[in-house]
Amino acid sequence: MDIITTIIYLVLFIVMMVFVFSIGMLRQYMPKREVILVILVAFLIGSIGGAFFLDPIYDELPNVASVIEKNMPNNEETLYLDLSSSINIDDLKNNLSATDGFISFDEKSVNIPMWTFNEREHNYFDEIVGNIDSNYKAYNISTSEIQITLADNYTSAQALKSFSDWYKLVYGETISYAQVHAVLVVDSSSLDTFEHILLQKGIVASKIEGPIQDTVNNTNSSMLTNIEFTLVCGGIGVVVAFMGIYVDSVVPAYRKFRKFLREKRRR
């Protein structure tokens, strides 16, 4: 939300509170039993004003809190990416590395979907996959998928080629799809830029870790729900209404108190 819109929303809410205050001041011209009606109206107006004008501003607090972290030097954000093997990862890496704020991009593992293994097939793959390529740092065989952890400086394309060559030799078929897990580390001040670049390619990080995300998560966890915040705004309306109701008593008392202080100083 831009600053002008924020100011407009705040002014509109203040105008509503001025209206509530005015209603409270009219209490002296109403029967005593109408006080409850004044309080209910004040609560309703405060709740409506909070829901329409303050709640959108309140929702922006995590983003506002993260601005400080974005401008802190040496802060880094880690983005975990799940990429399709159909993406040209080399082009993606070159594009990212040419952007200001880039720190590193590493392909960590490859998930190859298979069929649902029976026990014999599972044991066979569990025994043979580690012998296909010495650059398989580790591997895991699930019921219908093979996950290969890549050695340093070994790409997913190389891992998929070696596995696909073996698979074609043994089964006479090719691997048509796999999912590549990569980790992108960027400067916190450039996080928005990199998210925009990834989004243009249809990629959204599955998880983000770093000072900015920690700030957003901490702020979100401490915030009230929308309903709770709306009720608080209704309570503000009630407080303002009481100020209007008792303003005739408070103002003279305040003036007497100031007069007392002035007289005390003179002595």
Side-chain angles (χ1 to χ4, degrees), residues 74-188 190-214:
N74 302 321
N75 275 354
E76 298 178 357
E77 301 296 317
T78 302
L79 293 80
Y80 295 87
L81 309 177
D82 298 328
L83 309 172
S84 169
S85 58
S86 61
I87 293 177
N88 190 323
I89 296 180
D90 286 337
D91 283 350
L92 174 63
K93 182 176 181 179
N94 291 334
N95 191 0
L96 294 172
S97 62
T99 304
D100 289 339
F102 174 85
I103 296 175
S104 67
F105 179 89
D106 297 305
E107 299 171 59
K108 295 296 185 181
S109 64
V110 177
N111 280 34
I112 305 173
M114 307 293 281
W115 62 89
T116 302
F117 299 137
N118 57 38
E119 185 177 356
R120 181 180 61 82
E121 291 169 334
H122 184 280
N123 292 337
Y124 171 71
F125 278 104
D126 195 28
E127 181 179 345
I128 200 69
V129 170
N131 299 319
I132 296 174
D133 192 324
S134 60
N135 288 298
Y136 294 174
K137 186 176 181 180
Y139 64 93
N140 179 61
I141 312 299
S142 66
T143 56
S144 60
E145 189 176 65
I146 297 174
Q147 183 181 58
I148 300 171
T149 303
L150 307 177
D152 295 338
N153 300 317
Y154 191 66
T155 67
S156 59
Q158 292 171 311
L160 286 171
K161 184 179 186 308
S162 62
F163 185 87
S164 183
D165 289 345
W166 170 84
Y167 187 79
K168 186 173 183 178
L169 181 66
V170 175
Y171 290 94
E173 299 178 3
T174 58
I175 299 296
S176 59
Y177 174 80
Q179 187 177 62
V180 179
H181 301 287
V183 176
L184 171 65
V185 182
V186 302
D187 189 275
S188 294
S190 303
L191 177 61
D192 292 341
T193 301
F194 283 93
E195 286 186 316
H196 180 69
I197 292 173
L198 292 172
L199 190 60
Q200 285 183 323
K201 298 181 179 296
I203 303 170
V204 177
S206 59
K207 184 173 68 171
I208 301 177
E209 293 179 348
I212 291 178
Q213 195 61 38
D214 291 342

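Predicted, not measured: the structure shown is a model, and the values here were computed from it. Reckoned from all heavy atoms, side chains included, excluding hydrogens, waters and symmetry mates.
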Review point. Does N123 reach the main-chain N or O of E119 with its side chain, forming a donor-acceptor pair under 3.5 Å?
Key: yes
Practice item. Please confirm whether the backbone N or O of T143 pairs with a side-chain atom of H122, one donor and one acceptor, at under 3.5 Å? Key: no
Check your understanding: Strictly by modelled atom types, are E145 and N111 linked by a side-chain donor-acceptor pair under 3.5 Å?
Key -> yes
Review point. Is there a donor in the side chain of D133 and an acceptor in the side chain of S162, or the other way round, less than 3.5 Å apart?
Key: yes
Review point. Between F163 and W166, how do the two ring planes meet: parallel, tilted or perpendicular, split at 30° and 60°?
Key: tilted
**Study point:** Backbone N/O of T155 and side chain of Q158: donor-acceptor pair under 3.5 Å
**Key:** yes
Revision key, fill the gap. Correct closest heavy-atom pair for A178 and I112 would be CB-CG1, 4.2 Å
Practice item. Examine distances only and state if a side-chain atom of S206 and a backbone atom of Y80 form a donor-acceptor pair shorter than 3.5 Å. Key: yes
Review point. Between the side chain of Y154 and the main-chain N/O of E107, is any donor-acceptor distance below 3.5 Å?
Key: no
Check your understanding: Can you check whether V110's main-chain N or O pairs, donor with acceptor, with S156's side chain at less than 3.5 Å?
Key -> no
Practice item. Examine distances only and state if a side-chain atom of Y136 and a backbone atom of A159 form a donor-acceptor pair shorter than 3.5 Å. Key: yes
Review point. Heavy-atom count around N153 CG within 6.0 Å, excluding the residue itself: above 12?
Key: no
Check your understanding: Hey, does the side chain of N88 reach the backbone of D90 with a donor-acceptor pair shorter than 3.5 angstrom?
Key -> yes
